[in-house]
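Numbered from 1 within each chain, the chains take letters A, B, ... in sequence-line order. Here the structure is a predicted model, which means the values were calculated and not measured.
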Amino acid sequence: MIRKILIANRGEIAVRIMRTCREMGIRTVAVCSDSDANSLHGEVADEVVRLSGSSASETYLDQQLILSAAHESKADAIHPGYGFLSENADFAERVEQSGLIWVGPPSSAIRKMGSKTGARKLMKSAGVPIVPGTEVLRTADGAMEFAQSAGFPIILKASAGGGGKGMRIVRSREDIAPALDAARREAQSAFGDDAVYAEKYIENPRHIEVQIFADKFGSIIHLGERECTLQRRHQKIIEESPSPSVSVESRVKLGQAAINAARACGYVNAGTIEFLMNSTGEFYFLEMNTRLQVEHPVTEEVAGLDLVRLQLNVASGEKLGMTQEDVLLRGHAIETRIYAEDVLAGFLPATGKLSHLKPSSGPGIREDSGVRLNSEISRYYDPMLSKLVVHAENRAAAIQKMKRALEDYQIAGVRTTIPFCRHIISSKSFADGDFYTGSVESRYLKSFQQETKRPMPDEETFAAVLAMVRDREIFANPSHNGKLSSNGHVSAWKAEGREFQRDREI
Amino acid sequence: MRTYVVKIGSRSYDVTLDENEIAVNGVRIDVRVLNRNGCVVTFESSTRNQVVLDEQDGEAFLLLKGREVSCSVESYRDRLVRESMHQAGATLHHSEIKATMPGMVVKIYATPGTPVRKGDPLLILEAMKMENEIRAPVDGVIREIHAVERGSVEKGDLLIVIE
């Protein structure tokens with residue numbers, strides 16, 4: 001029985017978890033770093049414990065600090081969310097040993113699946129298909145040897161990794177050494193562990209994952225698959241469920257493979273088995289994410305379940321209360337991730353203050369957001385602001401709904417991935433389900449760039465509107481007249497806004 | 001009659017405003033601005049629409065129906081001022097690469113005095129745990145390097161000068 005829970009995370013996932021806790025009558029404790037002092041997740045929580053510092057390593061990744069915060073606030077459980085300490089077996093073990101409830105799998109399961117190389121071995125023995133690859137690489141020679149036997153391209157991955165950090169695709173001999181250095185550096189900085197291994201790189205694959213759920217009594221169910229193929233820099237950007245590329249037969253096989261994988265590592269609670277699927281529909285185990293996923297809402301929408309509620313129930317020692325036959329998947333759900341990023345500058349993270357925010361709404365639209373008006377987007381954490389999720393009776397209707405939701409979304413202060421997601425969602429290839437993990441880089445970035453070069457429909461009208469806005473400003477405020485500097489027009493919009501506000505106040 | 005040059009993306013429009021007539025590139029257009037609330041402007045032409053005018057670091061963007069495009073408005077007078085200033089500084093011919101976000105310089109590829117081609121990697125800037133490769137925006141020769149490896153930089157800091 002959980003009465004009070006500390007959420008060891010920030011942003012949208014902390015907010016999303018707290019909402020369910022509130023519904024269940026569980027008091028929530030937020031942890032907030034210095035730069036998150038005025039954050040939304042701090043506002044939504046019943047209590048806040050401040051973590052001094054701003055970088056992730058001195059706050060949300062500091063195990064002792066988080067444990068002390070839990071004890072200090074007399075919480076009886078910790079939910080790690082995703083990222084940060086969620087897949088840290090040592091931390092999970094410390095939580096278990098301190099007598100607190102860990103809302104996640106046993107530390108032993110995290111450990112087994114946390115080492116990508118160990119997980120591959122375990123899956124092989126459980127009969128789950130895996131991609132050919134190496135053990136942890138000590139030198140560039142090891143990678144070279146593997147590349148010679150398996151053939152280029154190969155992919156280097158952080159053994160402790162996830163989220164695309166510490167990953168490099170290598171297509172030629174001379175690229176191996178610099179790629180290995182870069183992968184090690186990123187792995188060290190992101191996970192505190194620079195172990196890297198190599199796998200054969202499957203060209204044009206699709207990324208399919210299966211949500212599983214297990215209780216402490218040996219029941220394991222799966223909640224169907226999610227299509228997570230569209231990624232930029234190995235990080236997902238658009239996800240959907242069900243996948244348009246998985247046949248009814250494959251769905252059954254994928255589900256069974258996922259359940260076998262979970263059983264092999266003694267899994268309890270929510271988990272995700274990621275698979276790569278090649279062009280002929282064969283799938284290979286990629287990794288297991290031993291936590292709640294960013295994209296879990298698409299599964300919640302089609303399954304009609306609250307996965308956080310299930311997590312809390314299972315962590316409290318309750319039975320799942322449902323069998324595979326009880327799982328009914330209905331309709332189609334799509335999620336787009338809204339990142340603060342400059343897409344055409346190579347998805348460069350953007351920082352700033354949200355000076356305007358009016359999210360889209362309406363039937364079938366859900367937004368899991370971690371920000372509000374005036375939120376400061378800092379450089380310290382992941383640049384994801386929010387997740388826009390739609391649910392409709394079928395894929396075509398869900399696409400139409402997502403397009404509308406993205407068109408209606410108003411945000412200012414940072415550049416976001418909204419225009420880019422809208423571009424992908426509106427494309428014929430997306431409607432046809434014709435895309436691969438490399439499609440963002442090889443196809444959509446180019447077509448997006450071309451689109452931005454083409455005039456918008458009715459662009460003359462917008463030009464007229466901009467001139468009228470400027471004109472009003474010059475002639476409504478004589479002090480501006482004739483004194484504008486060469487770039488005075490830009491900040492003049494702000495001045496105009498203030499003036500308008502003043503007019504209204506009078 | 002008042003004239004403006006409006007740039008939307010790479011397109012340029014001449015807008016003239018009269019007491020009761022608006023023309024874009026000499027063609028009369030029927031549009032009314034209904035109201036403005038902060039950066040949101042509601043206007044009406046054949047349909048009613050809202051456009052968000054977003055200003056960030058001296059750059060302005062127009063957001064409309066999930067599309068985003070850079071934009072600027074210049075009055076006739078602004079343009080005269082700018083052009084006269086541009087002529088005065090026309091001999092200046094170099095490119096300054098500034099940090100587009102705060103972060104840490106992980107690696108510097110550029111060395112002073114060496115020629116670079118547009119698109120050549122200059123340095124790696126790490127922010128939010130991702131490494132971002134900064135590439136040369138123009139052909140030229142590396143004149144100055146202000147960044148140091150493992151050093152942290154703030155947004156707008158001068159990193160490299162190419163001439």
Residues 453-469 of chain A vs salt bridge (charged side-chain N to carboxylate O under 4.0 Å, His left out), sequence neighbours excluded, gives A:E459-B:R11

Residues pairing under side-chain hydrogen bond (donor to acceptor under 3.5 Å, both in side chains) where one sits in residues 24-33 of chain B, two or more places apart or in two chains, turn out to be B:R32-B:E44

Between B:V52 and A:A412, the two heavy atoms sitting closest are CG1-CB, 3.9 Å

One option among A:R422, A:H423, A:K358 has the most heavy-atom pairs under 4.5 Å with chain B, and it is A:R422

Smallest heavy-atom separation, A:A463 atom then B:V15 atom, equals O-CG2, 3.9 Å

Under 4.5 Å to a heavy atom of chain B? For A:R404 that would be neither

So, the part of A:D408 with a heavy atom under 4.5 Å from chain B: the answer is neither

On a heavy-atom basis, the closest approach of B:L63 and A:I411 is CD2-O, 3.7 Å

Ordered numerically, the heavy-atom neighbours of chain A under 4.5 Å found in residues 1-10 of chain B are B:R2, B:Y4, B:V6, B:I8, B:S10

Most contact-rich option vs chain A, by heavy-atom pairs under 4.5 angstrom, among B:I22, B:L125, B:L17, is B:L17

* Asked: Are any non-hydrogen side-chain atoms of A:V469 and B:V41 less than 4.5 angstrom apart?
  -> yes

Q.
Would A:M456 and B:L62 count as a side-chain contact (heavy atoms from CB on, under 4.5 Å) here? Give the steps.
A. CA-CA 11 Å; A:M456 294 189 278; B:L62 175 159; 3.5 Å; yes

Whatever's closer than 4.5 Å to a heavy atom in chain A on B:V33 counts as both

Turns out that what part of A:F462 lies under 4.5 Å from chain B's heavy atoms comes down to both

Per-residue tally against chain B (heavy atom, under 4.5 Å) across A:I418, A:V414, A:L406 peaks at A:V414

Checked B:R135, B:Q50, B:E133 vs chain A; the most non-hydrogen pairs under 4.5 Å come from B:Q50

Partner of A:T461 under side-chain contact (heavy atoms from CB on, under 4.5 Å), picked from B:I29, B:V51, B:T47, is B:I29

Under 4.5 Å to a heavy atom of chain A? For B:I124 that would be side chain

In terms of heavy-atom contacts, B:E126 and A:S189 come closest through OE2-OG, 3.6 Å

* To do: Please check if the side chain of B:R67 supplies one atom and the backbone of A:E451 the other of a donor-acceptor pair under 3.5 Å.
  => yes

Heavy-atom nearest pair, B:V40 first then A:Q410, reads CG2-OE1, 3.8 Å

Exercise. Any side-chain heavy atom of B:V106 within less than 4.5 Å of one from A:R185?
Worked result: yes

Correct closest heavy-atom pair for A:A464 and B:V31 would be CB-CG1, 3.9 Å

Bottom line for A:K353: the part with an atom under 4.5 Å from chain B's heavy atoms is neither

Checklist line | A:R379 side chain vs B:P102 backbone, donor-acceptor pair below 3.5 Å | finding: no

Here the salt bridge (charged side-chain N to carboxylate O under 4.0 Å, His left out) pairs for residues 102-119 of chain B, sequence neighbours left out, are B:R117-B:D139

Can you find a pair of side-chain heavy atoms, one from A:L466 and one from B:Y13, that are under 4.5 Å apart?
no

